[in-house]
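From a predicted model like this one, the values you see are computed outputs, not experimental measurements.
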Amino acid sequence: TFLPELRPARGQAAADQVVLALIGAGGRGSQLAGNFQQVPNVEFKYVCDPALSRAQAAAQNLGKKQARPPQAVRNLRQALDDKEVHGVVVATPEHWHALATVWACQSVKDVYVEKNTSLRLWEGRKMIEAARKYQRVVQVGFQNRSAPYAVSAREYLQSGKLGKVVL
């Protein structure tokens, strides 16, 4: 299982809680949130999904592993407006990745966003501009490139044991 390195935001003591919001409570979002919860001092305050029943189910599941259950909301703006939230995990359908990331940066939140980063080059540029302008950390989930199975496959190809790969 891939676990991203997560450290408290700038200027905080290591013992401080990192407060997150999950944006997109489908299968991948719920999986990521569970992974983030394995990191000490991480708590989800919100689970955002337009399908409120899905947000509620994910919030209930996350609530089993932390002191207080996250609040299930339909509108991600509610989480972005909350000053207690340090960062967001964006696991929405791809057409929402760029806008959610830009809004999060504007709301002074750091972002972990799933792949594909954006649908258009212009959107990706706007994400970079927002991260730089608001001095936010934005990480894209390309863990397939660094997962153990991908590393071993790459090493096997490079070893020559497969023969000459032409395509």
Euclidean distance, Leu76 CG relative to Leu99 CG, rounded to 0.5 Å: 7.5 Å

Same cluster or not: Val85 versus Val89, using hydrophobic residues (I, L, V, M, F, W, Y) connected whenever any side-chain heavy atoms lie under 4.5 Å apart? no

Asp49 side chain to Ala25 main-chain N or O, any donor-acceptor pair under 3.5 Å? yes

Trp103, CH2 atom: more than 12 neighbouring heavy atoms under 6.0 Å: yes

Return each pair, listed once, that meets salt bridge (charged side-chain N to carboxylate O under 4.0 Å, His left out) where at least one residue sits in residues 33-47; pairs must be two or more places apart or across chains. Glu43-Arg68, Lys45-Asp82, Lys45-Glu84

Give a yes or no on whether Tyr112 and Phe44 share a hydrophobic cluster (residues Ile, Leu, Val, Met, Phe, Trp, Tyr; joining criterion: side-chain heavy atoms under 4.5 Å apart). yes

Surrounding NZ of Lys115 (heavy atoms of other residues, nucleotides or ligands, distance under 6.0 Å), is the total greater than 12? yes

To the nearest 0.5 angstrom, please state how far the CG atom of Leu22 sits from the CG atom of Leu62. 7.0 Å

Nearest heavy-atom pair of Ser118 and Met127: which atoms, and what distance? CB-SD, 4.0 Å

Let me see the working for Glu123 and Lys126 under salt bridge (Lys or Arg N to Asp or Glu O under 4.0 Å), right down to the final yes or no. CA-CA 5 Å; Glu123 291 174 334; Lys126 293 300 169 188; over 6 Å; no

If you take all heavy atoms of Lys109 and Ala79, which pair is closest and at what distance? CE-O, 3.9 Å

Determine, step by step, whether Tyr156 and Leu162 satisfy the side-chain contact (heavy atoms from CB on, under 4.5 Å) criterion, reporting the C-alpha distance in whole Å, the side-chain angles of both residues, the deciding distance to 0.1 Å, and the verdict. CA-CA 7 Å; Tyr156 187 78; Leu162 191 60; 3.9 Å; yes

Cys105 to Tyr134 - nearest heavy-atom pair and separation: O-CB, 3.3 Å

What is the minimum heavy-atom distance between Ala72 and Leu52, and which atoms define it? O-CD1, 3.9 Å

Any non-hydrogen side-chain atom of Arg136 less than 4.5 Å from a side-chain atom of Val108? yes

CG/Leu80 to CD/Gln78 distance, rounded to the nearest 0.5 angstrom? 10.0 Å

Provide the closest heavy-atom pair for His97 versus Asn116 in the form atom of the first, atom of the second, distance. ND1-O, 2.7 Å

Over 12 non-hydrogen atoms of neighbours within 6.0 angstrom of CD in Gln60: no

Are Val140 and Trp96 grouped together when hydrophobic residues (ILVMFWY) are joined by side-chain heavy atoms under 4.5 angstrom apart? yes

Taking the side chain as everything from C-beta on, heavy atoms only, tell me whether Phe36 gets closer than 4.5 Å to Val18. no

Applying the 4.5 Å side-chain criterion to the ILVMFWY set and letting contacts propagate, would Leu32 and Leu20 be lumped into a single cluster? yes

For Leu119, is there any backbone N or O sitting under 3.5 Å from a side-chain donor or acceptor partner on Glu94? no

Taking the side chain from Ser30 and the backbone from Gly27, do they hold a donor-acceptor pair closer than 3.5 Å? no

Atom NE2 in His86, atom CD in Gln17: separation rounded to 0.5 Å? 9.0 Å

Heavy-atom neighbours of Arg154 CZ exceed 12 at 6.0 Å: yes

Rounded to the nearest 0.5 Å, what's the gap from CD on Gln56 to CZ on Arg74? Could you check? 8.0 Å

On a heavy-atom basis, which atom in Ala131 and which in Val138 lie closest, and how many Å separate them? CB-CG2, 3.6 Å

Hydrophobic cluster membership, Val47 vs Ile23, 4.5 Å side-chain cutoff: no

